[in-house]
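What follows is a single structure, written as structure tokens, with notes after it.
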Amino acid sequence: MAFVKDLAESKSLLQQQNFLHLEDVLSDEFIEVLEQYGREIADDRLDEIDEWRISGKKRQFLFDFPSQDFLDAFCENIGGITGHSGSDITIGERHIKVYHEDAEDFPAPHMDRQAAEFTIGFPIHIADDSRVCFFPHLSRKENTGEKASFAKVPEGTNMEQYYEDDRIVKMKGKIGDMFIFHGSTIYHERIKPTGSAILYIKINAANRDPLGEHASLLKSLESKQAASAA
Ligand SMILES: [Fe+2]
């Protein structure tokens, strides 16, 4: 099982706040899977997603769900908190991001691509000073684009001061926790990210799979199942 709590209990709170930090909700199995990824990344045993290798600021790795049963339980529980049926959920993105030393400390906030109706962050490791920040006071107009969209910040703005605004909600989190928010309709960003590693699962119920990562997930689970049956 993926979670130790029925996430549906937090559905109305998520509807009210639009972002939520849930503590200690992951099963031991899920935590073990995340820790295993953390070790493999640290030991350089995993292949990065090619398109991101060039950027240098962060490394991204594709996350595979351990089994079809795990994925089904995951989708059912995430369906409960998002108001969707588990079988309607498309996993539009499943990336582990690892932030390098040259990642910006205070980047401009962004909205995720449209396929991220909900973005769910699962910390693997969070650097001491790192925080995920939400901007409920900025525009909530959906990003309908195929790429992330950044807020316009006037040139010359001191970005460290920019983040001192009391209206910005900052959260830390740890392994075992999850963040869930409307990725394509609320501005958010991670500050002082260097050294952090987070699994991001972005879901929707509109069949949006722009990177083909839902399709490739189902294929990889099928071949896992075939291999274990053989
Ligand atoms: Fe994002």
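Atom set for the values below is all heavy atoms of this structure, side chains included, hydrogens, waters and symmetry mates excluded.
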Yes or no on side-chain hydrogen bond (donor to acceptor under 3.5 Å, both in side chains) for Ser130 and Arg190, after CA distance, side-chain angles and deciding distance? CA-CA 7 Å; Ser130 187; Arg190 176 162 291 280; 2.9 Å; yes

Can Ile180 and Thr82 be said to form a side chain to side chain contact (heavy atoms under 4.5 Å, CB included), step by step? CA-CA 9 Å; Ile180 182 163; Thr82 56; 4.0 Å; yes

Is the number of heavy atoms from other residues, nucleotides or ligands within 6.0 Å of CD (Glu213) greater than 12? yes

Can a donor-acceptor pair be found, under 3.5 Å and without considering hydrogens, that links the side chain of Thr157 to the backbone of Val153? no

Measure up the Phe3 and Phe122 rings against each other and bin them: parallel (under 30°), tilted (30 to 60°), perpendicular (over 60°). tilted

Tell me whether Glu117 is salt-bridged to Arg208, with the criterion being a basic N under 4.0 Å from an acidic carboxylate O. no

In this structure, would Leu138 and Phe106 fall into the same cluster of hydrophobic residues linked by side-chain contacts under 4.5 Å? yes

Would you say that Phe150 contacts Pro109 through its side chain, given a criterion of any heavy-atom pair below 4.5 Å between the two side chains? no

Could you walk me through whether Ile126 and Lys174 satisfy the side chain to side chain contact (heavy atoms under 4.5 Å, CB included) test, starting with their C-alpha distance in whole Å, then the side-chain angles of each, then the deciding distance to 0.1 Å, before giving a yes or no? CA-CA 6 Å; Ile126 304 293; Lys174 60 178 192 313; 5.9 Å; no

Measure the spacing between CG of Asp129 and NZ of Lys192 and express it to the nearest 0.5 Å. 5.0 Å

Any Leu26 side-chain heavy atom under 4.5 Å of Asp177 side chain: no

Within the structure provided, determine whether Met171 and Arg131 are in side-chain contact (heavy-atom separation under 4.5 Å). no

Regarding Lys97 and the six-membered ring of Tyr200, is the cationic atom NZ or CZ under 6.0 Å from the ring centre and inside 45° of its axis? yes

Is it the case that the side chain of Thr194 and the backbone of Tyr99 share a donor-acceptor pair, with hydrogens and angles ignored and the cut-off at 3.5 Å? no

May I ask you to decide if Arg45's main-chain N or O and Asp43's side chain share a donor-acceptor pair within less than 3.5 Å? no

Salt-bridge criterion met for Arg94 and Asp64 (N-O under 4.0 Å): yes

Answer yes or no: are there more than 12 heavy-atom neighbours, outside Asn207 itself, under 6.0 Å from its atom CG? no

Membership question, hydrophobic clusters at under 4.5 Å side-chain separation (ILVMFWY): are Leu20 and Phe74 in the same one? yes

Look only at the side chain of Asn143 and the backbone of Ser184, and say whether a donor-acceptor pair between them is shorter than 3.5 Å. no

Do Gln60 and Glu48 have side chains that approach each other closer than 4.5 Å (heavy atoms only, starting at C-beta)? no

Closer than 3.5 angstrom, by distance alone: can the side chain of Ser149 be matched with the main-chain N or O of Gly145 as a donor-acceptor pair? no

Leu199 vs Leu34 side-chain heavy atoms within contact, under 4.5 Å: yes

Does any N or O in the side chain of Ser10 come within less than 3.5 Å of the main-chain N or O of Leu13, such that one atom is a donor and the other an acceptor? no

Beyond-backbone contact of Ile198 with Ile96, side-chain heavy atoms, under 4.5 angstrom: no

Please say which of Phe135, Phe134, Phe19, Tyr187 ends up in a ring pair (Phe, Tyr, Trp, His ring centres under 6.0 Å) with Phe181. Phe134

Step by step, would you call Leu221 with Leu71 a side chain to side chain contact (heavy atoms under 4.5 Å, CB included)? CA-CA 9 Å; Leu221 289 174; Leu71 174 67; 3.6 Å; yes

Would you check if Phe118 and Asn204 make a side-chain contact, meaning some heavy-atom pair closer than 4.5 Å? no

Within the 6.0 Å centroid threshold, strictly below: Phe65 and Phe63: yes

Looking only at heavy atoms, the pair that brings Lys11 and Gly83 closest together is CE-CA, 3.9 Å

Applying side chain to side chain contact (heavy atoms under 4.5 Å, CB included) to Leu22 and Ile81, what does each step give before you reach the verdict? CA-CA 11 Å; Leu22 297 173; Ile81 191 170; 3.9 Å; yes

Is it the case that the side chain of Asp28 and the backbone of Ile31 share a donor-acceptor pair, with hydrogens and angles ignored and the cut-off at 3.5 Å? no

Return the set of residues passing ring pair (Phe, Tyr, Trp, His ring centres under 6.0 Å) with Phe179 (not counting sequence neighbours), or none when no residue passes. His21

Could you tell me whether the side chain of Glu222 reaches within less than 4.5 Å of the side chain of Leu217, counting heavy atoms only? no

Separation between CE (Met178) and CD1 (Ile201), nearest 0.5 Å, reads 10.5 Å

Count the heavy atoms belonging to other residues, nucleotides or ligands that lie under 6.0 Å from CE of Met1, then report whether that count exceeds 12. no

Can you see which heavy atom on Arg113 is nearest to which on Glu146, and at what distance? NE-O, 2.8 Å

In terms of side-chain geometry, is the basic nitrogen of Glu32 or Arg39 positioned less than 4.0 Å from the acidic oxygen of its partner? yes

Could you walk me through whether Asp44 and Arg59 pass the salt bridge (charged side-chain N to carboxylate O under 4.0 Å, His left out) check? CA-CA 11 Å; Asp44 239 347; Arg59 305 165 75 197; 3.0 Å; yes

Verdict with supporting geometry, His182 and Glu142, side-chain hydrogen bond (donor to acceptor under 3.5 Å, both in side chains): CA-CA 9 Å; His182 295 283; Glu142 183 185 24; over 6 Å; no

Looking at every non-hydrogen atom in both residues, tell me the closest pair between Gly121 and Pro123 and how far apart they are. O-CD, 3.7 Å

Donor-acceptor under 3.5 Å (His84 side chain, Gly79 main chain): no

Under 3.5 Å: donor-acceptor pair, side chain of Asn158, backbone of Gln161: yes

Here the gap from Ile191 atom CD1 to Glu160 atom CD, rounded to the nearest 0.5 Å, amounts to 8.5 Å

Can a donor-acceptor pair be found, under 3.5 Å and without considering hydrogens, that links the side chain of Thr90 to the backbone of Gly92? no

Is it the case that the side chains of His188 and Asp112 hold a donor-acceptor pair, with the cut-off being a distance below 3.5 Å and no angle test? yes

